[in-house]
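Have a look at the structure below before the remarks.
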Amino acid sequence: DFAKAYFVLGIAYGERGQYAEEITACKKAIALQPDLAGAYSNMGFAYIHLGQHADALAACKKAIALEPDLFAAYHTIGTAYFKLGRHAEAATAFKKAISIYPEYAEAYFGMGITYQALEQYPVAIAAYRKAVFLKPDCVKAYVNMGVIYVKLGRHTDAIAAYKKVIGLKSDYVEAYYNMGNAYRRLKQYKDAAAAYQKVIAIRPDDFRSYLNMGLAHENIKQYTPAIAAFKKYLTLKPTGSFADMARKKIKELSKTLSEE
C-alpha cells in the first residue's frame, strides 16, 4: 500500500542522511495511515539529526501512544531530553527502552552519557560497560570511560580504556593524546612520549603533543629530544605563555647539555 511505500522511502532517506526528506515521507505515510507508530518514531529520530529536539519528543510520544513497547522511540525520547538538558527525564526514557529490550546497547550508551553529565560516574561507567559488552565496537563508550577515569584519578584504567579505543580505531588522535597525559600523571614518561609521538605521526601540527613530549623527555633526562620537541612547538605556536616556557626550557636544557 502507499502508506507502507512512503514509510520504506523514509527509511531509505534516513539511511542516506536526508533527514528533511525522511520527515516528509513519514508525514505522507501518517496522512494515509494515522496509526503507523513506526513512522512517528522514525520521524522523531530524523528530527534529532536536524537538532529539532522538541519536535522529536512530540513525534515519539505519539509513537509510544500508539505502540507502548516501541523501544526505539523511547531511545529517541531519551536523546531529545538529553539534548535539552533534561537529564533526569532522559535517564527515565533510556531505562524504559532497556526494560523493553534489555540488549539495547545504544540505550545503555545513552544512560552513560546522561549519568556522566550528572557526574554520577560509577553509574555512568556501569552503563558504558554494559554498552561495550553488548556492542564491543562502541568506540565512544570507551572514550567516555577514559574521560571519567581521568576525572577520578584512575589513570591506569583510563589508559586501558584508551587502548581499547585505539584497538578499534587506530587513528583516533585524542585517545593517544589523553593516554599520553595519563602516562605522565603516572610518571611513566617514556610511555607518555611514545603516545605523543603517535599523535604527531597522525597529526603533525599537534602543538600540544610537542610541548608535552618535550616535558616527558625532560623528566627522564633525554634532553636532546626534549629540546627538539620544544623547538618544534615554537615553530607551530611561537607566542603565548607556553611558548615562553618552551624557550626557557630550551635555554636551560642546552646549558645542561653543554656542561655534561
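Atoms considered below: every heavy atom in the structure, side chains included; atoms not considered: hydrogens, waters and symmetry mates. All of these numbers come straight from a predicted model, not from anything done at the bench.
In this structure, the side chains of Val150 and Asn178 stay at 4.5 Å or more apart for every pair of heavy atoms. Counting only heavy atoms from C-beta outward, the side chains of Asp244 and Lys248 never approach each other to under 4.5 Å. In this structure, the side chains of Leu9 and Glu21 stay at 4.5 Å or more apart for every pair of heavy atoms. Contact of the Gln120 side chain with the Thr114 side chain is not registered, since no non-hydrogen atoms from C-beta on lie closer than 4.5 Å. Taking 4.5 Å as the limit, some side-chain heavy atom of Ile159 sits within range of a side-chain heavy atom of Leu186. The shortest distance between side-chain heavy atoms of Lys151 and Tyr121 falls below 4.5 Å. Residues Met43 and Glu22 fail the side-chain proximity criterion, which asks for heavy atoms closer than 4.5 Å.
In this structure, Phe82 is not a member of the same hydrophobic cluster as Ile77, with clusters built from ILVMFWY side-chain heavy atoms closer than 4.5 Å. If you chain together hydrophobic residues whose side chains sit under 4.5 Å apart, Ile220 and Leu215 never meet in one group. With hydrophobic clusters built from ILVMFWY side chains whose heavy atoms lie under 4.5 angstrom apart, Ile11 does not share a cluster with Phe2. Clustering ILVMFWY residues whenever any of their side-chain heavy atoms sit less than 4.5 angstrom apart, transitively, puts Ile200 in the very cluster that holds Leu211. Cluster membership check: Leu66 shares its hydrophobic cluster with Ile23, using side-chain heavy-atom separations under 4.5 Å among Ile, Leu, Val, Met, Phe, Trp and Tyr.
Hydrophobic cluster membership for Leu70: none, as no Ile, Leu, Val, Met, Phe, Trp or Tyr side chain comes under 4.5 Å of it. Apart from Ile48 itself, the hydrophobic cluster it occupies contains nothing, where clustering links Ile, Leu, Val, Met, Phe, Trp and Tyr at side-chain heavy-atom distances under 4.5 Å. Leu134 forms part of a hydrophobic cluster together with Phe94, Ile98, Tyr108, Met111, Tyr115, Leu118, Val123, Phe133, judged by ILVMFWY side-chain heavy-atom separations under 4.5 Å.
The distance between the ring centers of Phe71 and Tyr104 falls below 6.0 angstrom.
Within a 6.0 Å radius of CZ in Phe242, other residues, nucleotides and ligands contribute 12 heavy atoms or fewer. Within a 6.0 Å radius of CZ in Phe45, no more than 12 heavy atoms belonging to other residues, nucleotides or ligands are found.
The two residues Ala3 and Ala29 make their nearest non-hydrogen contact at O-CB, 3.4 Å. Between Ala158 and Gly146 the shortest heavy-atom distance is CB-O, 3.7 Å. Considering every non-hydrogen atom in both Cys26 and Ala39, the closest pair reads SG-O, 3.6 Å. Closest approach of Ala90 to Gly78, counting heavy atoms only: CB-O, 3.3 Å. Taking all atoms of both residues into account, the shortest heavy-atom contact from Gly44 to Ala56 is O-CB, 3.3 Å. Residues Val147 and Tyr162 come closest through the heavy atom pair N-OH, 3.3 Å.
In terms of modelled atom types and a separation under 3.5 Å, the side chain of Ser254 and the main chain of Lys251 share no donor-acceptor contact. Ser99 places a side-chain N or O within donor-acceptor distance of the main-chain N or O of Lys96, the cut-off being under 3.5 Å.
The stretch residues 188-238 participates, sequence neighbours left out, in these ring-ring contact (aromatic ring centres under 6.0 Å, His included) pairs: Tyr177-Tyr196. Listed by first and then second residue, the salt bridge (charged side-chain N to carboxylate O under 4.0 Å, His left out) pairs involving residues 98-124 are Glu106-Lys135 (not counting sequence neighbours). For the ring-ring contact (aromatic ring centres under 6.0 Å, His included) condition, the pairs that include at least one residue of residues 7-41, sequence neighbours left out, are Tyr19-His49.
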Evaluate the criterion side chain to side chain donor-acceptor pair (under 3.5 Å) for residue pair Gln116 and Tyr128; output intermediate values, then yes/no. CA-CA 10 Å; Gln116 185 174 356; Tyr128 287 136; 2.6 Å; yes

Output, in order, the C-alpha distance, side-chain angles, deciding distance and verdict of side-chain contact (heavy atoms from CB on, under 4.5 Å) for Arg203 and Glu174. CA-CA 10 Å; Arg203 187 189 290 167; Glu174 291 304 312; 3.7 Å; yes

Derivation of the side-chain contact (heavy atoms from CB on, under 4.5 Å) call for Cys138 and Phe109: CA-CA 9 Å; Cys138 189; Phe109 179 80; 4.1 Å; yes

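One finds the OG atom of Ser41 at 13.5 Å from the NZ atom of Lys62 (value rounded to the nearest 0.5 Å). In this structure, CG on Leu168 lies 14.5 Å from NZ on Lys163, to the nearest 0.5 angstrom. Separating the CE atom in Met245 from the CG atom in Leu234 is a distance of 9.5 Å, to the nearest 0.5 Å. Summarising the geometry, atom OG belonging to Ser170 is positioned 7.0 Å from atom CD1 belonging to Ile202; distances are rounded to the nearest 0.5 Å. Between atom CG of residue Asn181 and atom NE2 of residue His155 there is a gap of 10.0 Å, rounded to the nearest 0.5 Å. The distance from the OG1 atom of Thr92 to the NE2 atom of His87 is 12.5 Å, given to the nearest 0.5 Å.
In this structure Asp35 satisfies the salt bridge (charged side-chain N to carboxylate O under 4.0 Å, His left out) test with no other residue, sequence neighbours excluded. In this view, Lys232 satisfies the salt bridge (charged side-chain N to carboxylate O under 4.0 Å, His left out) rule with no residue, not counting sequence neighbours. Evaluation of the salt bridge (charged side-chain N to carboxylate O under 4.0 Å, His left out) rule for Lys237 yields no partner, not counting sequence neighbours. Remark: Arg154 engages Asp157 in a side chain to side chain donor-acceptor pair (under 3.5 Å) (not counting sequence neighbours). Remark: Tyr142 pairs with no residue by the ring-ring contact (aromatic ring centres under 6.0 Å, His included) rule, at least two apart or across chains. When the side-chain contact (heavy atoms from CB on, under 4.5 Å) test is applied to Leu84, the partners found at least two apart in sequence or on another chain are His53, Leu57, Arg86.
Under a 4.0 Å N-O distance rule, the pair Lys169/Asp171 qualifies as a salt bridge. Checked for salt-bridge contact, Glu252 and Arg247 miss the test: no charged N lies under 4.0 Å from a carboxylate O.
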